[in-house]
Amino acid sequence: MTGTGRGNGKTLLLGEHAVVYGMPAIAAGIRLGAVATAVRGDAFALRVGAHAGPELRAALEAAAGALGVGPHRVEVEASVPLGSGLGGSAAIGVAVARALLSAQGEAETPERVLTAAGAWEKVFHGNPSGVDAAAAYSGGCIYFTKAAGIEPLFVAVPLRLVVCLAGPPASTKEMVESVQRLGERRPDLLAKSLSGIESLVKNARLCIEAGDVRGLGQLMNYNQMLLSGMFLSTPEIERACAVARESGALGAKLTGAGGGGAVIALCEDTAPIEAALKSDGFSAFSTEIGASLQPGAEP
Ligand code: MEV
C-alpha cells in the first residue's frame with residue numbers, strides 16, 4: 001500500500017533559540033512545505049529530490065522506529081528551501097511520518113506524528129525544541145513551549161510577511177551549539193537575552209490577538225537586536241533587515257537558527273518591500289498568515 005503525507009514549512013515570528021531553553025516561541029506555517037510518498041520495501045531508502053545518503057536513511061529509520069514500522073522506500077518533494085530557517089527538515093520529518101502511517105492504513109494522532117518527527121530531527125540536530133515539528137504539523141499560527149506544546153493562536157488581522165533569503169544556509173545544530181557555548185562563557189548575557197526574548201514573545205502574543213501589527217513589528221525589531229547580541233546575525237541578515245525597514249517594513253528579523261538563511265519582514269503592503277529586497281540582489285517572496293488551520297491543511 002502506498003501512503004502519502006504533507007508537512008508545512010514555517011517561520012518563527014519570535015522566540016527562536018530561547019525556545020530551546022524552555023521559553024515560548026511563536027511560529028506560523030507557510031504555504032511551502034514537503035510531500036512524502038512511502039511504499040513498503042526490503043530496506044530503508046529515502047530520496048529528497050535528487051538527494052539521498054546515510055544521514056537521510058538514518059533519519060527515516062529513526063522516524064519509522066518511533067512508529068514501530070518496518071522498512072519502506074520513501075520519496076520526498078520539497079518546495080521549501082532546505083537549510084534556510086524555514087523548517088524544511090521538520091516539514092520533511094512530518095511528511096515522512098504521515099506517509100509511513102498512511103502506508104499502514106493507520107490514522108494519525110498528533111502524538112505519533114510529533115514523536116516520529118522529533119526522532120527524525122534529532123538525527124540532524126541533537127537538541128531540538130520541537131517547535132519546527134509542531135509548526136510543520138499544525139500550520140496556522142501557534143504559541144509553543146517545550147513544556148506545554150502547541151497552543152493555536154487567534155490571529156486578529158492577517159500578518160503580511162516578506163520572506164527573504166539572506167545568504168547561504170547555516171547548520172541549525174551548529175547555531176544551537178554556538179548559543180550553548182555562549183551560555184558557558186557568558187551565562188549572565190545568555191540569561192538576560194533569554195528573559196528579554198521571553199517578554200517580547202509574551203507581548204507579541206497580545207499584539208497578534210489584538211491586531212496590533214505595528215506593535216508586533218517593533219517587538220520583532222527588538223528580538224532581532226537580542227539575537228544579534230547572541231552572535232546569531234550576519235552582515236547579510238542585517239543588510240536585508242535594513243533594506244526591508246527602509247522600504248517600509250514594520251519590523252524585520254532573522255527567522256530560524258540564524259548565521260545565514262532567512263529574514264522575515266512584517267509589512268502593511270508587501271509589494272514595495274519585496275521589490276526593494278529583490279533590487280538589492282536578495283531572493284524574496286510574500287506570504288500571509290491568517291487564522292489557525294486544521295492540522296495538515298495547506299496554509
Ligand atoms: C530552528 O528553526 C529553531 C531553533 O530554536 C532550534 C529549535 O528550536 O529546535 C534555533
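Hydrogens, waters and symmetry mates play no part in the numbers below; they use all other heavy atoms, side chains included. Note that ligands are numbered from 1 as they come in the structure, with each ligand's atoms numbered from 1 the same way.
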ask   = Looking at Thr172, Val94, Asp132, which hits side-chain contact (heavy atoms from CB on, under 4.5 Å) with Glu121?
value = Asp132
ask   = Which protein non-hydrogen atom lies closest to atom 5 (O) of ligand 1, naming both residue and atom, and how far is it?
value = His17 N, 2.9 Å
message = Run the side-chain contact (heavy atoms from CB on, under 4.5 Å) test on Val243 and Cys164 for me, step by step, so that the C-alpha distance in whole Å, both residues' side-chain angles and the decisive distance to 0.1 Å come before the verdict.
response = CA-CA 11 Å; Val243 169; Cys164 158; over 6 Å; no
Leu32 to Arg6 - nearest heavy-atom pair and separation = C-NH2, 4.0 Å
His125 near ligand 1 by a heavy-atom separation under 4.0 Å = yes
remark   = the protein heavy atom lying closest to atom 9 (O) of ligand 1 turns out to be Ser129 N, 2.9 Å
What donor-acceptor contacts under 3.5 angstrom involve side-chain atoms of residues 64-78, with partners at least two apart or in another chain?
residue: His72; atom: ND1; partner: Gly70; partner atom: O; Å: 2.8
residue: His72; atom: NE2; partner: Gln104; partner atom: NE2; Å: 3.1

request  = Answer yes or no for Met175: is there a heavy-atom contact with ligand 1 below 4.0 Å?
outcome  = no
message = With a 4.0 Å cut-off on N to O distance, would you call Arg181 and Glu184 a salt bridge?
response = no
query = Going by the order shown, which atoms of ligand 1 are within less than 4.0 Å of some heavy atom of Glu16?
reply = 5 (O)
message = Run the side-chain contact (heavy atoms from CB on, under 4.5 Å) test on Ile208 and Tyr143 for me, step by step, so that the C-alpha distance in whole Å, both residues' side-chain angles and the decisive distance to 0.1 Å come before the verdict.
response = CA-CA 11 Å; Ile208 291 169; Tyr143 188 85; over 6 Å; no
key: Shortest reach to atom 3 (C) of ligand 1 by a heavy atom, considering only Leu12, Thr11, Val176   = Leu12
key: For atom 2 (O) of ligand 1, the option (of Asp132, Asn127, Val19) bearing the nearest heavy atom   = Asp132
inquiry  = Can you name the atoms of ligand 1, numbered from 1 with element, that are less than 4.0 Å from a heavy atom of Gly256?
reply    = 2 (O)
ask   = By number and element, which atoms of ligand 1 are closer than 4.0 Å to a non-hydrogen atom of Val20?
value = 5 (O), 6 (C), 7 (C), 8 (O)
task = Over all heavy atoms of both residues, which pair between Ala240 and Ala166 is shortest? Give the atoms and the distance, please.
result = CB-CB, 4.1 Å
inquiry  = As an exercise, identify every atom of ligand 1 less than 4.0 angstrom from a heavy atom of Val131.
reply    = 8 (O)
Side-chain polar contacts of residues 261-279 - donor-acceptor pairs under 3.5 angstrom, sequence neighbours left out - could you list them?
residue: Glu268; atom: OE1; partner: Arg214; partner atom: NH2; Å: 3.3
residue: Glu268; atom: OE2; partner: Arg214; partner atom: NH2; Å: 3.4
residue: Asp269; atom: OD1; partner: Ala271; partner atom: N; Å: 3.2
residue: Thr270; atom: OG1; partner: Ser286; partner atom: OG; Å: 3.3
residue: Glu274; atom: OE1; partner: Ser286; partner atom: N; Å: 3.4
residue: Glu274; atom: OE1; partner: Ser286; partner atom: OG; Å: 2.4
residue: Glu274; atom: OE2; partner: Lys278; partner atom: NZ; Å: 2.7
residue: Ser279; atom: OG; partner: Ala276; partner atom: O; Å: 3.2

inquiry  = With heavy-atom distances below 4.0 Å as the criterion, list the atoms of ligand 1 near Lys10.
reply    = 2 (O)
